[in-house]
Peer 1: 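One structure coming up, written as C-alpha cells, with questions to follow.
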Amino acid sequence: MTKTFDIVVIGAGPAGYSAAIRAAQLGMSVACIDNNLDSEGNPTLGGTCLNVGCIPSKALLDVSHKFHESQHYGDIGIEATDLSLNLAAVMKHKDSVVNQLTSGIGLLLQGNKVEAIEGTGYLASENVVVTDRSGNTEELNAEHIILAPGSIPIQIPSAVVDEENIVDSTGALKFSEVPKRLGVIGAGIIGLELGSVWNRFGSDVVILEALDDFLPMADARIARDAKRQFTNQGMDIRLGSLVTDSKVNDQGEVVVTFTQKEEEHQLVCDKLIVAVGRAPNTDKLFSPESLVQLDERGFIFVNEFCETDAVGVYAVGDAVRGPMLAHKGMEEGVMVAERIAGNKPLVNYDCVPSVIYTHPEIAWVGESEQSLKGDGIEIRSGTFLFSANGRALAANDATGIVKVIADAESDSILGMHVFGPSASELVAQGVIAMEMGSTAEDLALTMFAHPTLSEAVHEAALGVAGNAIHTLNRPSRK
Ligand code: FAD
Ligand code: AMP
C-alpha cells in the first residue's frame, strides 16, 4: 500500500529533523526516514552530529579539558593530588549524553506527529520515495520531498581506514586506551579537535597537514596565535606534509610516509586518525528520472532556497554547498519547511558562525582581514587581548584575542574573530550584531556587564574607532 504525506524527508540529522519538525508544526503531514544504526546495530536518530560528530566530540573535549586543567590546579592554589583518568568511565559519560539526545529526537518527532520511518530512502521520481528496511520496501508519495542525507568521511588511498590502527573521526571517538603516539592526518577543524582531546589525555600528537598555511579560512592573526598556542600545548603540527602511504607493521605500529619540501619522511605511531574532510553522502539516493542533479563537486545542486532541479524536491545540510555545519543545516531545514508552507524566509549565508572547539576556542563570523583586504575593501579593526580582561585573568584563562572588523566608511561590522575562552559563545554577539546590520559604534555604545569575557568584545568594538578604555589604542589600521 502506498502511503501519502505532504512532505517526506530523507535523513534525520540536524538538517532533516529540523525540516520535519518545523513542517509538522506548520500543519503538514510529514514522514522522516533514517537508516543510521549505532555500534550495536540499533536505529539511532540525530545523524552524524548527535551520534559521531558535534556531541560526542564535545563530550570528550570538555572532559579532556577538565582533566588537563585539573593538572594545573596548583597554579591557583588548589592542591589536588593523585588525579587519574578512567577512560572507560569517560566513554560511558559520552555515550550517555549521546543516548539522551538521540532518544530526545525520537520524542520530538513523535510529539510533533512526524512519522519516523527506519530504513533507507530512495527518490524514485519527483514525488515518490521508496524505503527499504532489510529488503522490505514501501512506497511513499509526497508533493514535497526534502533530501538531507548528510556527509561521510573522505577516504584516501594513502591511509586506508582499518578501524583498528587507522581510524576516521568515528573511530577516534572510541579508543579504549590512550594511544602513546598518535598521528593525525589533516589540521582542519576535526583533526585539531580530536588531536586536542588525545593530547590532553596524554598522547604524543603529531598532525600532518598537506597545506603550507595553518587554518587558511580563519583570520591570519588568529591562525598564527592559535598555532603557537597549540604547539605550546604539545601538539606537533607539521605543515606542508603530504601523506603518501600508511602501513601497519608486524609490531602493530602505523608507519606513515609523508613528503615535506620534496623530501620523504616517516612517522611511526600507535594509532592514526584520518581527518581529511567529508564528502556528501549521495550514493544511491536518487534515480536519474528524479531530475535531481549534482554539482561539479558532487553536492546536490540547489539554489539559495535549497530547491533542486526537480520540482518539489529540496536538499539541505552537508549534502549541499556551503559549510558542513549542523547549525547551517538546521537553518536550511527550517527555511525549506517555511517556504513550502508559503512563507518567504532566507538563510543569511553571510552570518554563519564557525567554531573550532580547541582550548582556547577559535570562532568567527563574517570575513577575515586578509580576505577583505584581498577584495580591496577598506577596513578599520579593533583588537583586545584577554590578558587585559579581568574576568579571564580571574579564571586563570587569559590567552587569546578578540578582533572586530568594520567597513572603513560605513562602520558596518564585516567580521568578528575570537580566539579565547568561550569564543563559541562570544561569537554569537557578532552574529547578532551583523544580523541586525550593526555598526562597530552600535556595539561600542552598548553596555556590557563587568567583569565578563564579553567586555573583550566591547573593547575590540571600541577600538575600531580608537576609543578602547582598557588597552592602549593603536592608530587604526586601514
Ligand atoms: P547528518 O547529520 O550526516 O545526517 C544525515 C542522516 O541521514 C544520517 O542519519 C544518515 O544515516 C541518514 N541518511 C543518509 N542517507 C539516507 C538514506 N538514503 N535513507 C535514509 N537515511 C539516510 N558541526 C557543527 O556545527 N558543530 C560541531 O561542533 C561539529 N563537530 C563535528 C565533529 C565531528 C567529529 C564530525 C564528524 C562532524 C562535526 N560537525 C559539527 C559537522 C556536523 O556533524 C554536520 O554538519 C551535521 O551533522 C550535518 O547534518 P545533516 O543533517 O546534513 O547530516
Ligand atoms: P577539513 O576539510 O577542514 O576537515 O580539513 C582536512 C585537511 O586535511 C585539509 O586541510 C587538507 O589539506 C588535509 N589533507 C588532505 N589530504 C591530506 C594528506 N594526504 N596529507 C596531509 N593532509 C591532508
Side-chain angles (χ1 to χ4, degrees), residues 9-19 32-37 43-58 60-61 102 105 117-123 129-133 147-154 156-159 168-170 172-173 184-194 197 207-217 238-246 256 258-260 273-286 315-320 322-330 332-333 352-357 424:
V9 182
I10 300 183
Y17 76 66
S18 300
C32 185
I33 311 162
D34 195 273
N35 63 5
N36 196 28
L37 302 175
T44 171
L45 298 168
T48 304
C49 173
L50 268 58
N51 289 282
V52 292
C54 325
I55 297 301
S57 63
K58 264 78 257 177
L60 293 185
L61 278 156
T102 53
I105 298 299
I117 299 177
E118 290 164 26
T120 298
Y122 178 73
L123 181 69
V129 170
V130 178
T131 68
D132 182 340
R133 187 179 170 201
L147 306 174
S151 60
I152 47 175
I154 290 178
I156 49 173
S158 51
D168 58 19
S169 59
T170 302
L173 295 169
V184 181
I185 311 180
I189 298 181
I190 294 176
L192 286 172
E193 290 187 359
L194 293 172
V197 165
I207 303 184
L208 301 172
E209 166 57 55
L211 298 177
D212 292 323
D213 283 342
F214 182 65
L215 292 178
M217 64 288 199
R238 302 190 194 168
L239 301 177
S241 301
L242 177 74
V243 172
T244 54
D245 187 49
S246 313
V256 186
F258 62 97
T259 50
Q260 198 183 34
I273 302 174
V274 184
V276 295
R278 296 179 64 82
N281 181 19
T282 51
D283 196 28
K284 302 198 187 92
L285 177 68
F286 55 86
V316 291
D318 278 11
V320 305
M324 288 184 166
L325 293 169
H327 43 277
K328 173 261 191 189
M330 292 188 225
E332 288 179 334
V352 181
S354 295
V355 181
I356 309 177
Y357 293 83
S424 56

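Each ligand, and each atom within it, is numbered from 1 in the order the structure gives. Numbers for residues simply follow the sequence, beginning at 1. Predicted model, so just to flag it, every value in this text is computed and none were measured.
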Peer 1: Tell me: protein heavy atom nearest atom 51 (O) of ligand 1, and distance?
Peer 2: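 Answer for atom 51 (O) of ligand 1: Ala15 N, 3.0 Å.
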Peer 1: For Ala326, is at least one N or O under 3.5 Å away from an N or O on ligand 1?
Peer 2: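 Indeed, backbone or side chain, Ala326 has an N or O that close.
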Peer 1: Just going by heavy-atom distances, which of Ser424, Ala148, Ala319, Gly121 is nearest to atom 18 (N) of ligand 1?
Peer 2: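 Going through Ser424, Ala148, Ala319, Gly121 one by one, Gly121 has the nearest heavy atom to atom 18 (N) of ligand 1.
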Peer 1: For ligand 1, is any non-hydrogen atom under 4.0 Å from Arg278's backbone (N, CA, C, O), its side chain (CB onward), both, or neither?
Peer 2: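 Within the 4.0 Å criterion, Arg278 contacts ligand 1 through side-chain atoms alone.
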Peer 1: Using side-chain heavy atoms (C-beta onward) and a distance below 4.5 Å, is Asp168 in contact with Arg278?
Peer 2: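 They are not in contact (no side-chain heavy atoms under 4.5 Å apart), so the answer is no.
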Peer 1: Look at atom 49 (O) of ligand 1 and find which of Gly317, Pro14, Gly11, Gly329 reaches it with the closest heavy atom.
Peer 2: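 Considering heavy atoms of Gly317, Pro14, Gly11, Gly329, the nearest to atom 49 (O) of ligand 1 sits in Pro14.
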Peer 1: If we ignore hydrogens and angles and just use 3.5 Å, is the side chain of Gln260 paired with the main-chain N or O of Gly240 as donor and acceptor?
Peer 2: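 Judged by distance alone, no pair lies under 3.5 Å.
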Peer 1: Give the residue, atom name and distance (to 0.1 Å) of the protein heavy atom nearest atom 4 (O) of ligand 1.
Peer 2: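 Protein heavy atom at minimum distance: Gly13 CA, 3.4 Å.
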Peer 1: Can you name the atoms of ligand 1, numbered from 1 with element, that are less than 4.0 Å from a heavy atom of Gly47?
Peer 2: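 Listed by number with element, the hits are 2 (O), 4 (O), 8 (C), 9 (O).
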Peer 1: Given Pro56, Ser57, Cys54, identify the one with the heavy atom nearest to atom 26 (N) of ligand 1.
Peer 2: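 Result: the heavy atom closest to atom 26 (N) of ligand 1 is in Cys54.
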Peer 1: Would Gly46 count as being in polar contact with ligand 1, using the rule that some N or O on each side must be under 3.5 angstrom apart?
Peer 2: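 No: no nitrogen or oxygen of Gly46 is under 3.5 Å from one in ligand 1.
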Peer 1: Less than 4.5 Å apart, any side-chain heavy atom of Val129 and any of Ile33?
Peer 2: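 Counting from C-beta outward, Val129 and Ile33 do come under 4.5 Å.
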Peer 1: Any idea which atoms of ligand 1 are less than 4.0 Å away from a heavy-atom of Leu325?
Peer 2: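 Answer, ordered by atom number: 23 (N), 24 (C), 25 (O), 45 (O).
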Peer 1: Among all protein non-hydrogen atoms, which one is nearest to atom 3 (O) of ligand 1, and what is the separation to 0.1 Å?
Peer 2: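 Closest protein heavy atom to atom 3 (O) of ligand 1: Thr48 OG1, 2.6 Å.
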Peer 1: For atom 9 (O) of ligand 1, which candidate among Leu45, Asp34, Ile10 holds the nearest heavy atom?
Peer 2: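 That would be Asp34.
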Peer 1: Output the list of atoms in ligand 1 that are nearer than 4.0 Å to some heavy atom of Cys49, sorted by atom number.
Peer 2: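 Listed by number with element, the hits are 2 (O), 43 (O), 47 (O).
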Peer 1: Checking contacts here: is it the side chain or the backbone of Tyr357 that comes within 4.0 Å of ligand 1, counting heavy atoms only? Could be both or neither.
Peer 2: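 It is the side chain that gets close, since no backbone atom is under 4.0 Å.
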Peer 1: Answer side chain, backbone, both or neither: which part of Lys58 comes under 4.0 Å from ligand 1, heavy atoms only.
Peer 2: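 Lys58 to ligand 1: side-chain contact only, backbone stays beyond 4.0 Å.
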Peer 1: Kindly confirm or rule out an N or O of Thr120 lying under 3.5 angstrom from an N or O of ligand 1.
Peer 2: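 Min N/O separation from ligand 1 is not below 3.5 Å for Thr120.
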Peer 1: What protein heavy atom lies closest to atom 41 (C) of ligand 1? Include the residue and the distance to one decimal.
Peer 2: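 Result: Met324 O, 3.7 Å.
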Peer 1: Is the closest side-chain heavy-atom distance between Tyr357 and Ser57 below 4.5 Å?
Peer 2: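 A side-chain contact under 4.5 Å is absent here.
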Peer 1: What part of Ser169, side chain from CB on, backbone N/CA/C/O, both or neither, has a heavy atom under 4.0 Å from ligand 1?
Peer 2: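 Contact part for Ser169 vs ligand 1: side chain (C-beta onward).
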Peer 1: May I ask you to check whether Asp318 has an N/O atom sitting below 3.5 Å from an N/O atom of ligand 1?
Peer 2: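 The answer is yes, given that Asp318 and ligand 1 share an N or O pair closer than 3.5 Å.
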Peer 1: How far is atom 53 (O) of ligand 1 from its nearest protein heavy atom, and which residue and atom name does that atom have?
Peer 2: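 Result for atom 53 (O) of ligand 1: Gly150 CA, 3.1 Å.
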Peer 1: Do Asp132 and Tyr122 make a side-chain contact, defined as non-hydrogen atoms from C-beta onward lying under 4.5 Å apart?
Peer 2: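 No, their side chains stay 4.5 Å or more apart.
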Peer 1: With heavy-atom distances below 4.0 Å as the criterion, list the atoms of ligand 1 near Val52.
Peer 2: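 Selected atoms, number and element: 34 (C), 36 (C).
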Peer 1: Near Ser151, which atoms of ligand 1 are under 4.0 Å from a heavy atom of that residue?
Peer 2: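 Result: 3 (O).
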Peer 1: Go through the side-chain N and O atoms of Thr44 and Asn36 and say whether any donor and acceptor fall under 3.5 Å apart.
Peer 2: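 Result is no, nothing qualifies.
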Peer 1: Please tell me if the side chains of His327 and Val352 come closer than 4.5 Å, counting only heavy atoms from C-beta onward.
Peer 2: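 Yes, side chains in contact.
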Peer 1: Write out the residue and atom name of the closest protein heavy atom to atom 20 (C) of ligand 1, then the distance separating them to 0.1 Å.
Peer 2: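 The protein heavy atom lying closest is Gly119 O, 3.3 Å.
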Peer 1: Is any side-chain heavy atom of Phe258 less than 4.5 Å from a side-chain heavy atom of Leu242?
Peer 2: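 No, too far: nothing below the 4.5 Å cut-off.
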Peer 1: As a test of reading the model: which residues have a non-hydrogen atom less than 4.0 Å away from ligand 2?
Peer 2: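 Within 4.0 Å of ligand 2, protein side: Ile156, Ile185, Gly186, Gly188, Leu208, Glu209, Ala210, Leu211, Ser241, Leu242, Val243, Ala275, Val276, Gly277.
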Peer 1: Applying a 4.0 Å heavy-atom criterion (strictly less than), which segment of Asn281 is in contact with ligand 1: side chain, backbone, both, or neither?
Peer 2: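 Only the side chain of Asn281 comes within reach of ligand 1.
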Peer 1: Of the choices Thr131, Ile117, Asp168, Asn35, which has the non-hydrogen atom that lies closest to atom 16 (C) of ligand 1?
Peer 2: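 The option holding the nearest heavy atom is Asn35.
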Peer 1: So do Leu208 and Val256 actually touch side chain to side chain, heavy atoms under 4.5 Å?
Peer 2: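 The answer is yes; the side chains approach within 4.5 Å.
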Peer 1: For the residue pair Thr48 and Asp318, establish whether any side-chain heavy-atom pair is separated by less than 4.5 Å.
Peer 2: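 The answer is no, as the side chains (C-beta and beyond) never meet within the 4.5 Å cut-off.
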Peer 1: Below 4.0 Å, non-hydrogen atoms only: which portion of Asn36 touches ligand 1? Side chain, backbone, both or neither.
Peer 2: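 For Asn36, backbone and side-chain atoms both sit under 4.0 Å from ligand 1.
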Peer 1: Is it the case that ligand 1 has an N or O less than 3.5 angstrom from some N or O of Leu194?
Peer 2: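 No, since none of the N or O atoms of Leu194 sits under 3.5 Å from an N or O of ligand 1.
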Peer 1: At what distance is the nearest protein heavy atom to atom 15 (N) of ligand 1, and which residue and atom is it?
Peer 2: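 Protein heavy atom with the smallest distance to atom 15 (N) of ligand 1: Pro149 CB, 3.6 Å.
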Peer 1: I'd like to know whether Leu194 forms a side-chain contact (heavy atoms from CB on, under 4.5 Å) with Ser169, so could you lay out the CA-CA distance, the side-chain angles of the two residues, the decisive distance to 0.1 Å, and finally the verdict.
Peer 2: CA-CA 8 Å; Leu194 293 172; Ser169 59; 3.8 Å; yes
Peer 1: For atom 32 (C) of ligand 1, what is the nearest protein heavy atom, given as residue, atom name and distance?
Peer 2: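 Going atom by atom, the protein heavy atom closest to atom 32 (C) of ligand 1 ends up being Gly53 C, 3.3 Å.
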Peer 1: Which bit of Leu285 is near ligand 1, meaning a heavy atom under 4.0 Å away: side chain, backbone, both or neither?
Peer 2: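 Side chain only.
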Peer 1: I'd like to check which ligand 1 atoms, numbered from 1 as shown, lie under 4.0 Å from a non-hydrogen atom of Ile33.
Peer 2: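 Every atom of ligand 1 under 4.0 Å from some heavy atom of Ile33: 20 (C), 21 (N).
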